[in-house]
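Heads up, the thing below is written out as structure tokens.
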Amino acid sequence: MIDAKKRNNNKINYVKYNVSLDKFGDGKKFFVRTYGCQMNEHDSEKIKGMLKSVGYVECNSVETADIVILNTCAIRENAHDKVFGFLGVLKHIKDTTNPNLLIGICGCMSQEKVVIDEIMNKYKYVDFVCGTHNLDNLLNIIKDKIDSNTQQIEVLSYEGDVVEGVPVVRDSIYSAWVDIQYGCDKFCTYCIVPYTRGKQRSRTKESIIDEVKKLKEDGYKEVTFLGQNVNAYGKDLYTDYNLANLLKDASDIGIERIRFVTSHPWDFTEEMVDVIASRDNIMPYIHLPLQSGSNKVLKLMNRRYTREEYLKLYNSIRSKIKNSSVTTDIIVGFPGETEEDFQETLDLVNECKFDGAFTFAFSKRENTPAALMKETVSEEVKMDRLHRLNEVVNKYSNERNKAYEGQIVKCLVIGPSDKDDSKVCGYTENMKLVNIDGDKSLIGQIVNVKITDAKSFSLDGVYVK
Ligand code: SAH
Ligand code: SF4
Ligand code: F3S
């Protein structure tokens, strides 16, 4: 992690996936558990793709698996606790019913030195660790473990190549994740991602556009472009090609829905707002993390925008993009945040009336700049602020959702409803979850739905022809 803080001038190589091994997983089963963000979800689809390529098949319980991989997240302390808690469950299985169980760790936690030290010293039953920069080498690491029967740990402090063509098994046949960039160069002071994922590397426009074309040919209705700040797409690779250009080119392919996460306000240009506003197949949903409404705290966080700049962009999105919805992320209890600073966050939330917000209590991450700042907000005060913030946030989610009652909206139906198996569920263009009175034959289609009832986190509706 210490080395990973330095950005280097190492050239990034764009290479093809090139691992060919015998089918050493034939007759065996795998189980993958994913923590964290959408990028990790997509990485898990690659982990599954690689495992299947050597014969493993997926199973849905750890008790029946021959290999279990935890694709971990390091963003907050509780993500860390969840992983070590689950390792205890796996150790029990290994000690009792399945001594041959292979246990592996991938994802952001594997890039933390403290975690690796802990695994090497205290968790000897973990069979292998594969870092985020060499995920494409996963199968070789597993094979080495099987052949040598010694713990294998392969983690790089510097980012590796951008690897194209890693086998992938997608969880959905209608909606697909598409990486457009890896890493992050923003260095927000609280955040571990620039260290665990390395410097920003954009995929080439050709490989992204090819992937979208293939997905459309395969019948996909929706693609979601992924990156830690997609608005910075291309900055490391091109002088005259950015997210606005990429969205236009992808839109021209004619796939029905294009989404993107996550947007950083700093790189979000008016040109991008205009492209989103002008294309029907670029979805009017923006996740625009705010983090704090106080200029003092924003500066301490190194967010590089002020509340005034955020509001200007926010208002432009709301006024130019028809039927847009905007959600956000907010951290409370950052070192130095006073009650007045927190009030400024509440004021901004009252002004923006977000469609939704993910709210977090500041969690100190080892080796980030904020870890050196003196913590001034007690756990109790953090929880109190979180609670007060959530009340305001939920009020506006509910209000925004209520406005849809009686309206007819377009939904991409993705599967049975979690709440009621006789119903299906889907997402509106602006990313509202709808539980739909309609039968399973609608799954995979974009259909009209009349909204009958609104809740804070979802809508109810009925299919209309
Ligand atoms: N790249 C995205 C954020 C990815 S992490 C962006 O910059 O907008 C998702 C969210 O986790 C962040 O927006 C932030 O609100 C939260 N987060 C990140 N680090 C955190 C920390 N140390 N403590 C609490 N919340 C944190
Ligand atoms: Fe973390 Fe900031 Fe990068 Fe987002 S933009 S991943 S919060 S450093
Ligand atoms: Fe977590 Fe890594 Fe994503 S820290 S949020 S899994 S980039």
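The figures here come from the full heavy-atom set of this structure, side chains too, leaving out hydrogens, waters and symmetry mates. All values derive from a computational prediction rather than experimental measurement. Counting starts at 1 for both ligands and their atoms, in listed order. Starting from 1, each residue takes its place in the sequence as its number.
- Every atom of ligand 2 with a heavy atom of Cys184 under 4.0 Å away is listed here by number and element: 3 (Fe), 5 (S), 6 (S), 8 (S).
- Comparing Pro194, Gly107, Cys108 by heavy-atom distance to atom 2 (Fe) of ligand 3, the nearest is Cys108.
- Of all atoms in ligand 1, numbered sequentially from 1 with element shown, those under 4.0 Å from a heavy atom of Asp329 are 9 (C), 10 (C), 12 (C), 13 (O), 15 (O).
- Atoms of ligand 1 lying under 4.0 Å from any heavy atom of Arg76, numbered from 1 in the order shown and given with element: 11 (O), 16 (C), 17 (N), 23 (N), 24 (C), 25 (N), 26 (C).
- The closest protein non-hydrogen atom to atom 1 (Fe) of ligand 2 is Cys191 SG, 2.3 Å.
- For an aromatic pair to be called close, the ring centres must be under 6.0 Å apart, and Phe358 with His287 satisfies this.
- Val115 has its side chain out of reach of Ser110: every pair of non-hydrogen atoms, C-beta onward, lies at least 4.5 Å apart.
- Note on ligand 2: Arg303 sits in its first shell, one or more heavy atoms being nearer than 4.0 Å.
- Residue-ligand proximity: Ala370 is placed with every non-hydrogen atom at 4.0 Å or more from ligand 1.
- Within the 4.5 Å cutoff, the side chain of Lys82 has heavy atoms near those of the Tyr35 side chain.
- Residue-ligand proximity: Asn229 is placed with every non-hydrogen atom at 4.0 Å or more from ligand 1.
- No donor-acceptor pair under 3.5 Å is formed between the side chain of Lys364 and the backbone N or O of Tyr190.
- Scanning the protein heavy atoms around atom 8 (S) of ligand 2, the nearest turns out to be Cys188 N, 3.3 Å.
- Neither the backbone nor the side chain of Met39 comes within contact range of ligand 3; no heavy atom lies under 4.0 Å.
- Within ligand 1, the atoms closer than 4.0 Å to a non-hydrogen atom of Gln228 are 1 (N), 2 (C), 3 (C), 4 (C), numbered from 1 in the order shown.
- Checked by distance only, ligand 1 and Ser263 stay at 3.5 Å or farther apart across all their nitrogen or oxygen atoms.
- In summary, the atoms of ligand 3 found under 4.0 Å from a heavy atom of Cys73, numbered by their order in the structure, are 1 (Fe), 4 (S), 5 (S), 6 (S).
- For atom 3 (Fe) of ligand 2, the N/O/S atoms of His264 include none lying under 2.8 Å.
- For ligand 3, the atoms closer than 4.0 angstrom to any heavy atom of Asn40 are 6 (S).
- A side-chain donor-acceptor contact under 3.5 Å links Ser397 to the backbone of Asp355.
- When side chains are defined from C-beta on, Tyr182 does not count as touching Gln200, because their heavy atoms never get closer than 4.5 Å.
- With respect to atom 7 (S) of ligand 3, the closest heavy atom belonging to the protein is Gln228 NE2, 3.1 Å.
- In this structure, Arg303 has a heavy atom closer than 4.0 Å to ligand 1.
- Less than 4.0 angstrom separates some heavy atom of Arg365 from each of these atoms of ligand 1: 22 (N).
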